[in-house]
Amino acid sequence: MTEQQLLQLTARAAVLKALAHPTRLWLVEQLQQQERCVCELTDGVNADISTVSKHLSVLRQAGIISSRREGKQIYYRLQTPCLLKMLSCVENVIEQNASAQAKLV
């Protein structure tokens, strides 16, 4: 493995790590529909604003979402909608695994 390949794989792992939490996956799904403020997202996950803000920060640092300020509100949007295709692929893997497990029973 070359140094360039290692850097690329490390960058990929960082994006996947940012997605590797149920709350962050939910946030990505919500932001696929439309831009939302923190207050709307906080209501959906039943968590306090600081917890949701931390999850959003992780996603923003990974380049998955972006934000803009309007007055006192910060609005978030999905920066990389192509990730939704990957999540769809993950759903296919889950379904295949469930089918395989059902056949074993």
Side-chain angles (χ1 to χ4, degrees):
M1 178 180 339
T2 67
E3 186 175 332
Q4 184 63 29
Q5 288 171 322
L6 179 58
L7 289 172
Q8 182 66 24
L9 292 169
T10 302
R12 288 178 187 175
V15 171
L16 293 172
K17 185 177 178 182
L19 290 168
H21 191 282
T23 299
R24 291 194 288 269
L25 287 171
W26 183 86
L27 290 167
V28 167
E29 288 179 355
Q30 297 307 301
L31 295 173
Q32 83 182 25
Q33 299 166 9
Q34 68 184 37
E35 182 179 75
R36 296 184 187 247
C37 70
V38 178
C39 59
E40 293 173 312
L41 296 167
T42 301
D43 292 341
V45 294
N46 295 325
D48 61 48
I49 196 163
S50 64
T51 300
V52 174
S53 292
K54 179 63 178 169
H55 285 300
L56 291 166
S57 176
V58 170
L59 293 170
R60 190 176 62 241
Q61 288 174 359
I64 296 168
I65 64 172
S66 59
S67 63
R68 69 176 178 86
R69 181 177 291 277
E70 188 174 299
K72 291 185 178 186
Q73 292 293 337
I74 299 177
Y75 290 88
Y76 293 88
R77 66 185 163 282
L78 186 60
Q79 187 68 27
T80 53
C82 59
L83 281 177
L84 301 173
K85 292 178 186 176
M86 185 199 67
L87 294 177
S88 176
C89 183
V90 169
E91 290 298 323
N92 289 337
V93 170
I94 292 168
E95 289 173 15
Q96 290 174 3
N97 288 344
S99 293
Q101 290 295 325
K103 289 178 184 177
L104 294 176
V105 175

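Heavy atoms only: backbone and side chains are in, while hydrogens, waters and symmetry mates are out.
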If you look only at distance, which donor and acceptor atoms sit under 3.5 Å apart when one is on a side chain in residues 12-27 and the other is two or more places apart or in another chain?
residue : atom : partner : partner atom : Å
His21   : ND1  : Thr23   : N            : 3.0
Arg24   : NE   : Ala18   : O            : 2.6
Arg24   : NH1  : His55   : ND1          : 3.0

query = Rounded to the nearest 0.5 Å, how far apart are CE of Met1 and CG of Leu7?
reply =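 Going from CE on Met1 over to CG on Leu7, the span is 10.5 Å.
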
query = How long is the span from the CG atom in Leu83 to the CD atom in Glu29, to the nearest 0.5 Å?
reply =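 Interatomic distance, Leu83 CG to Glu29 CD, rounded to 0.5 Å: 12.0 Å.
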
Donor-acceptor contacts, no H, no angles, side chain residues 62-69, under 3.5 Å, sequence neighbours left out:
residue : atom : partner : partner atom : Å
Ser66   : OG   : Arg77   : NE           : 3.4
Ser66   : OG   : Gln79   : OE1          : 2.7
Arg68   : NE   : Glu35   : OE1          : 3.2
Arg68   : NE   : Glu35   : OE2          : 3.0
Arg68   : NH1  : Glu70   : OE1          : 2.7
Arg68   : NH2  : Glu35   : OE1          : 2.7
Arg68   : NH2  : Glu70   : OE1          : 3.4

query = Hey, quick one: are Leu78 and Val58 part of the same hydrophobic cluster, counting side-chain heavy atoms closer than 4.5 Å, chains of contacts allowed?
reply =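 They do not share one cluster, since no chain of ILVMFWY contacts under 4.5 Å joins Leu78 to Val58.
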
key: Matching residue for Glu91 among Leu87, Ile94, Val93 - test: side-chain contact (heavy atoms from CB on, under 4.5 Å)   =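 Looking at Leu87, Ile94, Val93, the match for Glu91 under the side-chain contact (heavy atoms from CB on, under 4.5 Å) is Ile94.
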
How close do [X] and [Y] get, heavy atom to heavy atom, and via which atoms?
X	Y	result
Ala47	Thr42	O-CG2, 2.7 Å
Asp43	Asn46	O-OD1, 3.5 Å
Gln32	Leu84	OE1-CD2, 3.0 Å

key: Close side-chain approach of Ser50 and Lys54, heavy atoms under 4.5 Å   =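 When only atoms from C-beta onward are counted, Lys54 and Ser50 do not touch, as no gap falls below 4.5 Å.
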
ask   = Side chains of Leu56 and Ile74: closer than 4.5 Å at any heavy-atom pair?
value =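 Side-chain contact under 4.5 Å: no.
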
query = What residues, two or more places apart in sequence or in another chain, satisfy side chain to side chain donor-acceptor pair (under 3.5 Å) together with Thr2?
reply =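 Side chain to side chain donor-acceptor pair (under 3.5 Å) list for Thr2, sorted by chain: Gln5.
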
ask   = Has the side chain of Glu40 got a donor or acceptor atom that lies under 3.5 Å from a matching backbone atom of Cys37?
value =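 Pair found, side chain donor or acceptor close to backbone of Cys37.
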
ask   = Between Thr10 (side chain) and Leu6 (backbone), is there a donor-acceptor pair under 3.5 Å?
value =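 Yes; at least one donor-acceptor contact below 3.5 Å.
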
inquiry  = So for atom CD, which belongs to Glu3, do other residues, nucleotides or ligands contribute more than 12 heavy atoms lying within a distance under 6.0 Å?
reply    =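 Open: at most 12 neighbouring heavy atoms sit under 6.0 Å from CD of Glu3.
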
